[in-house]
Amino acid sequence: MKIFLAGNWVDKPKKLEVKNPFDNSVIDTVPRADAADLEKALAFAERGAKVMAKISISSYERWKILRKAADLMASRNEELGQTISKEEGKVIAEGRGEASRAVETIMGSAEEAKRIHGETVPLDADPTGSKKLGFTLRIPCGVVAAIAPFNFPLNLVCHKVGPALAAGNTVIVKPASDTPLSALRLTEILLESGLPPEGIQCITGSGGEIGDTLVADRRVRKITFTGSREIGDRICRTAGIKKVTMELGSNSPVIVMPDADLNKVAAAIAMTGYGNAGQTCISTQRVLTAKKVYSDFLGALKPKVEALTTGNQLDEKSKVGPMVKESEAVRVDDWIKEAVAGGARLVAGGGRRGPIYMPAVVADVNPDMRISRDELFGPAVAVTPFDTIEEALTLANDSVYGLAAGIFTENVEWAMKFAREAEAGNLHVNWGSQWRVDLMPYGGLKDSGFGKEGPRYAVEEMTELKMVVFHLNS
Ligand code: NAP
């Protein structure tokens, strides 16, 4: 595919290959943009921001464009689902699911385009405020740089592009180099839906080569980044004075209290720890289990995880496909071997077939082991025993991350203690850490980032607030 740069579809002799992770076959190529392309994009975006903010692209127009885009996406669900699965490796049911989710995200963004407004401020409630009339105006940030990760190559781009356009910005999208095709398809659809070419550019190229220039540029007024903690940290240091949203990684904990229904827990963990081969930011990673039910829980979980059939992601029978790259399966294998060498116990799965890692349950995990402490981002859970809810919460919170967490219990006091004390942005009672709909304010605490996504909340992140004061005579 070509990139959409400065209002044109552009090819370049230098390419990046996009590969199907299952067999490493090349499914397409995309241009490898460089600093000169980026300069062109930034100069065009500066002008584009003015076009997008103009009254002629009114809230109503933006609603219409995004609505039409959502309709087109819905009509191309199969094609988009296939593109997602082929480039990313998730099983086709998940690819279709992501494509459907993306429709909701764009539809939700369209709805928000009609709801962006300021408010009157009662200035006369201040002792010095008599004869003053004040109100706020919400205005677009201008140029938004949207940098996306590989793992949800369509929906996470929609979470940035939808609210940015709803709020009247122009966007420069930088998709992950492993999975750029879905974002380019989205760009085509938005243009087909009537978005002025000034509204979007989609630039492919190595983040390591062009990322610093993009995020440091003063013409960019807002960065919305989803990706690893390491790159997020680098972007924050490079960005300078501009608005930034950071959606970063996690090693999400789930607490299993002694009164939990273990079959329900096992079914939930098998769903929330292994989706997209564990490559989900809110994947259940650490399962902290009450000692009283520890071995019963492992007994319930083992067959459910062993039933997760692996294989080609495009085969309807596969439940878990390849990881995004074989090197990622090698890394997961290394971390799990390291844990087992340190005294942990492999209860199910483990080992790899090329880029596929066999869904695994690792028990007796010491919290200092890498599979507990760092973000595993693979199809395995690490199970650790505890005695009391206080100990469980201390273990859960003993992490630099804080994106999502869960607890299984029928005891409302325990559930509320968890809700108050667990250090994570999204908390689930009687489900694993992986659950999300777009109506939620979604985002992390601590090193999992800051700022919220979900269209209603993201449009606030994509706008600036101006305060207007009328100094009246009467
Ligand atoms: P990544 O390596 O951090 O890459 C993310 C994006 O940043 C890619 O587009 C990458 O481009 C780009 N990039 C690399 N270096 C850059 C630089 N110096 N400046 C600007 N951009 C740069 O993350 P990933 O491996 O794709 O995704 C997995 C991570 O994302 C995990 O940590 C996961 O938890 C996190 N994630 C978080 C959420 C959330 O909502 N909190 C959701 C999904 C994923 P290249 O591909 O060209 O290197």
Side-chain angles (χ1 to χ4, degrees), residues 3 16-18 21 30-35 38 87-90 98 101 105 145-160 172-180 182-183 202-217 220 223-239 244-252 275-283 285 323-325 327-328 331 374-378 399-404 424-426 433-434 436 438 440-454 457-458:
I3 50 176
L16 292 172
E17 289 184 333
V18 186
V30 292
R32 183 178 195 133
D34 57 23
L38 205 58
E87 66 176 342
E88 201 266 355
K90 67 184 56 172
E98 181 177 342
R101 274 280 312 282
T105 309
I147 305 174
F150 77 83
N151 63 334
F152 286 85
L154 181 63
N155 194 34
L156 291 180
V157 175
C158 290
H159 268 292
K160 302 182 177 315
I172 300 175
V173 184
K174 202 325 248 160
S177 293
D178 287 329
T179 57
S182 305
C202 187
I203 313 291
T204 55
S206 157
E209 289 170 15
I210 58 173
D212 285 356
T213 315
L214 175 63
V215 302
D217 197 280
V220 172
I223 296 169
T224 168
F225 174 77
T226 301
S228 63
R229 171 175 172 250
E230 183 196 356
I231 302 292
D233 188 48
R234 181 181 176 114
I235 290 174
C236 287
R237 288 168 200 277
T238 314
V244 176
T245 297
M246 285 281 140
E247 298 283 353
L248 309 178
S250 185
N251 56 355
S252 302
N276 196 18
Q279 300 164 117
T280 303
C281 50
I282 46 179
S283 207
Q285 181 177 330
M323 301 197 66
V324 70
K325 284 197 213 43
S327 57
E328 279 299 282
R331 178 186 60 76
D374 294 341
E375 180 177 38
L376 178 66
F377 226 53
S399 171
V400 295
Y401 294 114
L403 187 53
N426 297 279
S433 52
Q434 191 194 329
R436 178 182 184 184
D438 294 345
M440 294 162 51
Y442 175 89
L445 307 183
K446 304 199 283 189
D447 284 11
S448 289
F450 48 86
K452 299 291 177 202
E453 287 196 338
Y457 304 91

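Every number for a ligand or one of its atoms is a count from 1 in the order of the listing. All values derive from a computational prediction rather than experimental measurement.
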Using a 3.5 Å cut-off on N or O atoms only, is D178 in polar contact with ligand 1?
no

Is there a salt bridge (charged side-chain N to carboxylate O under 4.0 Å, His left out) between K160 and E453 once you walk through the steps?
CA-CA 8 Å; K160 302 182 177 315; E453 287 196 338; 2.8 Å; yes

If I take atom CZ from residue F450 and atom CD from residue E247, how far apart are they, to the nearest 0.5 angstrom?
10.0 Å

For P175, counting its heavy atoms only, list the atoms of ligand 1 lying under 4.0 Å from any of them.
9 (O)

Within the 4.0 Å heavy-atom cut-off, what I282 brings close to ligand 1 is neither

Can you find a side-chain donor-acceptor pair between N276 and E98 that sits under 3.5 Å?
no

Kindly say whether L376 contributes a backbone atom to a donor-acceptor pair with the side chain of Q285 at under 3.5 angstrom?
yes

Can a non-hydrogen atom of S448 be found less than 4.0 Å from any atom of ligand 1?
no

Any donor-acceptor N or O pair under 3.5 Å, side chains N155, T105
yes

I need the atoms of ligand 1 closer than 4.0 Å to a non-hydrogen atom of G208, numbered in the order shown.
15 (N)

If I apply the N/O under 3.5 Å rule, does E375 come out as touching ligand 1?
yes

Check: Q279 main-chain N/O paired with N151 side-chain donor or acceptor under 3.5 Å:
yes

For G205, atoms of ligand 1 separated by under 4.0 Å from a heavy atom
47 (O)

Just to be sure I read this right, does ligand 1 sit under 4.0 Å from the backbone of N151, its side chain, both, or neither, counting only heavy atoms?
side chain

May I ask you to check if ligand 1 and S228 share an N or O to N or O distance below 3.5 Å?
yes

Report yes or no: does a heavy atom of Y442 sit under 4.0 Å from some atom of ligand 1?
yes

Do side-chain atoms of T245 reach the backbone of T224 as a donor and acceptor pair under 3.5 angstrom?
no

Is there a polar contact, in the sense of an N or O pair closer than 3.5 Å, between G207 and ligand 1?
yes

Does G444 have a heavy atom less than 4.0 Å from any atom of ligand 1?
no

Please confirm whether A148 comes under 4.0 Å of ligand 1, counting heavy atoms of the residue only.
yes

Could you tell me whether L214 approaches ligand 1 through its side chain, its backbone, both or neither, with non-hydrogen atoms closer than 4.0 Å?
neither

Polar atom proximity, S250 to ligand 1 (N or O, under 3.5 Å)
no

For S177, the ligand 1 atoms with a heavy-atom partner under 4.0 Å come out as 45 (P), 46 (O), 47 (O)

Any protein heavy atom lying closer than 4.0 Å to atom 45 (P) of ligand 1?
yes

Min N/O separation I235 to ligand 1 under 3.5 Å:
no

Kindly indicate whether a cation-pi arrangement holds for K90 with F152, taking the cut-offs as under 6.0 Å to the six-membered ring centre and within 45° of the axis.
yes

Between C281 and ligand 1, does any nitrogen or oxygen pair lie at a separation below 3.5 Å?
no

With heavy atoms under 4.0 Å as the rule, classify the contact between R234 and ligand 1 as side chain, backbone, both or neither.
side chain

Decide, yes or no, whether a salt bridge links D233 with R229 under the criterion of side-chain N to carboxylate O below 4.0 Å.
no

Report yes or no: do E375 and S250 form a side-chain donor-acceptor pair below 3.5 Å?
no

At a 4.0 Å cut-off, with the gap strictly under it, does some heavy atom of G443 reach an atom of ligand 1?
no

Do R331 and E328 sit within salt-bridge range, that is, some charged N less than 4.0 Å from a carboxylate O?
yes

